[in-house]
Structures are given as structure tokens and as C-alpha cells.
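In what follows, a single structure is set out as C-alpha cells and then discussed.
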Amino acid sequence: MAKKPNSKSAWPKGFVWGTSSSSYQIEGAVNEDGRGESIWDAQCKKIGGVAFGHTGDVACDHYHRYKDDIALMKKLGVGAYRFSTAWPRIQPTGTGAVNQAGLDFYDRITDTVLEAGIEPWVCLYHWDLPLALHDRGGWINRDSTGWFADYTAIVARRLGDRVKNFATFNELSVFTLFGYAYGWHAPGLKDEQAHFKSIHHVNLAHGASIDVLRSLVPDAQLGAVHNFTPAVPEKATPKNIKAARDLHEHWNLAFPEPQFLGYYPPGLAKALEPYIQPGDMAKICRPVDWFGLNHYGPIFCKASTEYMHGFAWGGSPDNAPNAKVGWAIYPEMFTETLLELTKRYKVPVIVAENGCGMGSGSDVPNAKGVANDSHRVDFLNQYTAAMHEAIAKGADVKGYFVWSMMDNFEWGLGYSQRYGMVHVDFDTQKRTPKESFHWFKRLIAGAPVGAYKNGKLPTDLRAAYEKAREGL
Ligand code: BG6
């Protein structure tokens with residue numbers, strides 16, 4: 001049963017407030033202390049692989065500045081910090097010998113975070129696969145299950161005495177769809193069968209990793225972080241409704257359904273059949289303790305013959321609410337998603353990412369050192385209010401992590417998008433807390449919840465959205 005917000009605090013007792021990051025997006029130091037290459041290092045070297053030829057070589061230089069960054073988190077007042085371990089730092093070629101120096105780095109992070117009174121939440125995979133494993137097929141190779149289980153065991157043995165929250169993967173449908181079907185993300189493939197294989201193998205690797213974590217860290221709380229997002233037809237036509245249904249199955253259901261319920265959604269089951277061996281579904285469907293949700297806003301989609309699987313990203317309704325963040329925002333759909341997940345998968349939800357990005361010219365500190373990101377304050381205000389509404393209606397939400405503590409390397413967009421509550425000057429590495437940092441600090445300290453503005457979908461799109469999900 002979800003706990004109702006109590007009268008003293010607007011939020012349930014023990015609610016976790018945190019920030020999220022990922023290794024490749026902040027660490028830099030790509031050639032230090034024996035780190036191996038990842039598929040994202042390779043992606044950055046490809047012409048056109050990343051906007052403006054940006055790379056993660058230095059990023060936020062967090063590898064060297066982690067103490068200052070964690071001190072800032074302490075100032076912010078968060079109770080938790082979600083970071084990811086870089087597999088190529090720990091096993092430079094993905095299998096075999098451990099690189100102790102790489103593992104030591106995460107040991108230092110864990111200790112420093114704990115010393116600051118912050119709980120470490122570790123995600124084992126945030127997209128930086130060792131390049132040497134990709135050369136052996138990466139997630140297309142069924143052996144990846146064993147590779148990932150071994151790597152999990154290395155991290156669990158080293159950090160499991162202090163880390164009590166582990167996520168196996170981050171946004172499993174993003175890195176498989178964008179990396180193996182669309183070629184937008186590393187490793188840059190456009191191959192339908194590779195995409196189907198990667199879905200099944202990542203699911204198997206998740207199950208194997210959960211088993212390893214359970215046996216090595218029995219008192220830990222485990223889960224995976226999914227990008228479960230409402231898929232709304234951009235216009236209410238039968239073709240777009242079909243596209244929204246297909247996108248919903250690929251984007252939202254391909255991983256949670258087998259992991260929680262033991263089967264693939266109907267639209268994917270046949271395509272995956274050739275790769276499923278007897279006993280696989282039971283290996284994937286392992287009990288977990290929470291559902292990690294990343295939410296940035298609904299996806300407006302359309303039918304398209306240009307894209308593999310027949311769906312594509314479309315435009316948002318005219319005059320859609322946008323909180324000046326550059327995309328349509330419908331906080332009511334966040335409320336709905338939190339309620340839906342509570343009902344569907346029957347475990348507490350952790351909002352593992354929520355936040356917004358703006359072009360690189362935004363949020364720049366003025367002469368007085370003030371970085372006024374009022375759009376982000378507005379966005380976060382609306383989304384935390386929507387989360388509060390969901391909790392009041394019975395959603396079992398136990399935590400909320402902002403993406404992100406500081407500006408960082410935004411994958412294919414390089415440094416052209418800033419998501420941080422702390423501005424990073426990438427020339428000098430100077431950090432400047434933005435207005436949103438101060439706003440979040442106040443919220444954590446008990447400031448009143450913002451007003452709930454439930455940006456409503458146009459009625460025809462609402463009906464089309466519901467039709468697209470019928471029976472699923
Ligand atoms: C998620 C990722 O996709 O959202 C993060 O887990 C990423 O790594 C963040 O930086 C913002 O990305 P997007 O896709 O909304 O631009």
C-alpha cells in the first residue's frame with residue numbers, strides 16, 4: 001500500500017531525494033589508470049558520431065574533482081547519489097582480469113559519498129560497453145549474459161559491503177533501439193535482427209545480474225531503470241495509432257514485461273522467438289525491489305516508412321505547454337505513469353531521472369555569478385507537484401532523483417545541451433550552482449510543493465493514445 005503524505009511533511013516518510021549521473025558523461029580521464037576503451041569513445045571518434053566532434057575525454061573531469069562535486073551534493077542536501085560504474089575502467093577488455101585502479105576509483109567515490117552522509121546508488125551499466133566486447137558481438141552475442149554476470153560479481157564483491165541499492169541497467173530500450181536499430185548511439189548499428197537479439201540478451205543479462213547481486217549482497221534493494229514514457233500519436237489517424245502502439249511495445253514494454261511478468265509484449269514476441277531458448281523467460285523474470293523510472297515528458301509519434309519498425313518521433317500539439325524547456329510537457333502524464341506502474345508491476349517506483357536540458361548558451365552565470373535557469377525551476381516545480389499528486393492518489397513512489405547535478409556530456413548532442421543544476425564551464429571546469437540548485441535544496445528541506453498544473457492533452461489525442469494501448 002502506498003503511504004499517504006503525512007501532515008508534517010508533504011512527502012512520505014523516508015522519501016529519498018537524490019541526483020543522478022553516469023560514468024561516461026562526467027568522468028573524463030579516459031586514458032588513465034588502465035581504463036579500456038568503450039563503445040562511446042569509438043562513437044566520438046567517428047565523423048558525425050557526436051555533434052561538433054565533442055568527446056567524453058575530459059567531460060566534467062569528475063575523475064579528479066569528485067571530492068568537490070560530492071561536497072556540492074552535500075551542500076545541496078540530497079540523501080542519495082546515483083552514479084554508474086564504467087565497465088571498461090574495471091575490466092578494460094570486458095572479461096578476465098580486474099583493473100584494480102579502476103575499481104579503486106569507485107571505492108573512493110562510495111566512501112566519499114557515505115562520509116558526506118549520502119547513500120550511494122550504483123547503476124552497473126549506463127551505456128559504456130567495453131569496445132573489446134563489442135568486437136565480440138557485444139549485446140548481440142548471447143555470451144554477454146555471462147560477461148555481465150561476472151562484471152556484476154566484481155563490483156558487488158568490492159562495493160556490496162557499503163552499497164545497498166543497485167540498478168542493473170539504465171534505459172534498456174534506449175541503448176538497444178538507438179544503438180542497434182537506428183545507429184544514433186554507440187555502437188551505431190542499423191540491423192533489425194541485431195536489435196531483436198540485443199533486447200533478449202540484455203534481458204537475460206539483467207536476470208543473471210540480479211541473481212548475482214542477490215547472492216552476494218542479500219540485504220541490497222535491486223532494480224533496473226526504465227524509460228517508460230507515454231507514446232501519443234501526433235495526429236489521431238489509424239496509422240499513427242498503430243505506430244504509437246508499436247512504439248509503446250518497443251519503448252515501454254520490451255524490458256519491464258519479461259522482467260516483471262515473464263513474457264514479451266504481443267507485438268514483439270514473434271520477432272524474438274528465434275532467440276529464446278527453453279528456460280530463458282524464467283531466468284529474466286527475477287524478483288526485484290523497485291521500478292526505476294526516467295521521465296522527461298511524453299513522446300509524440302507518427303507512422304514512418306523511413307524508420308525501422310515503422311514508427312518515428314513526431315511533433316507535439318500546437319500551443320502545447322512547454323515551461324520554456326523546448327519540448328511539450330504534460331505533467332499529468334507523469335502522474336498517470338506513476339499510478340500505472342504501481343498498479344502494473346506492484347513494486348515501489350523510484351524516479352531515477354527527471355529534469356530538462358537547454359542549449360549550451362543557456363544558464364550561463366552573469367557577472368554576479370548568478371545562473372538563472374528559471375525554466376528548469378518551473379519544470380521541476382511542475383513535475384514534483386505532479387509526483388505529489390500521484391502519491392496522494394495512491395502511487396507508491398519512494399524516491400526522486402534529478403538529472404542532473406551538473407552539466408555534462410549529453411551523448412550524441414555532445415556539450416550542446418545542459419541538464420545540470422550546477423553550471424560547468426567546460427574550459428575552466430568551474431562549477432556554479434544555478435537557481436534550480438537552490439530551489440531543489442529548499443524543496444528537500446521542506447519547502448511547500450509547487451502548484452499542480454495538469455497540462456491536458458487535446459481530447460482527440462487523448463482518445464487516440466488510449467486506443468493505441470487497448471488490450472496491452
Ligand atoms: C536519459 C539518460 O536518456 O536522459 C541520460 O539516462 C541522459 O544519460 C538524459 O543524459 C537526458 O537525455 P535526453 O535523451 O532527454 O536528451
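One-based numbering, in listed order, for ligands and for the atoms of each. Heavy atoms only: backbone and side chains are in, while hydrogens, waters and symmetry mates are out.
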Can you list the ligand 1 atoms lying under 4.0 Å from a non-hydrogen atom of Glu410? 7 (C), 10 (O), 11 (C), 12 (O), 13 (P), 16 (O)
Heavy-atom pairs closer than 4.0 Å: do any link ligand 1 to the side chain of Asn294, the backbone, both, or neither? side chain
I want to check something: taking the side chain as every heavy atom from C-beta on, are Phe255 and Val202 in contact at a cut-off of under 4.5 Å? yes
Go through ligand 1 atom by atom and flag the ones less than 4.0 Å from a non-hydrogen atom of His126. 2 (C), 5 (C), 6 (O), 8 (O)
Proximal ligand 1 atoms for Glu171, defined as those under 4.0 Å from one of its heavy atoms: 1 (C), 2 (C), 3 (O), 6 (O)
Do Glu336 and Tyr330 have a side chain donor and acceptor closer than 3.5 Å? no
Among Tyr24, Trp411, Tyr296, Tyr419, which residue places a heavy atom closest to atom 16 (O) of ligand 1? Tyr419
Can Glu234 and Asn240 be counted as having a side-chain donor-acceptor contact under 3.5 angstrom? no
With the side chain counted from C-beta on, respond yes when Ile391 and Trp11 share a heavy-atom pair under 4.5 Å apart, and no when they do not. yes
Closest non-hydrogen atom pair between Pro130 and Pro88, with its separation: CG-N, 3.9 Å
Short version for Gln25: what comes under 4.0 Å of ligand 1, heavy atoms counted, is side chain
Which residue owns the protein heavy atom closest to atom 2 (C) of ligand 1, what's the atom, and how far is it? Glu353 OE1, 3.3 Å
Would a 4.5 Å heavy-atom cut-off, applied to side chains only, mark Gln43 and His185 as touching? no
I want to know if ligand 1 touches Asn170 in the polar sense, i.e. an N/O pair below 3.5 angstrom. yes
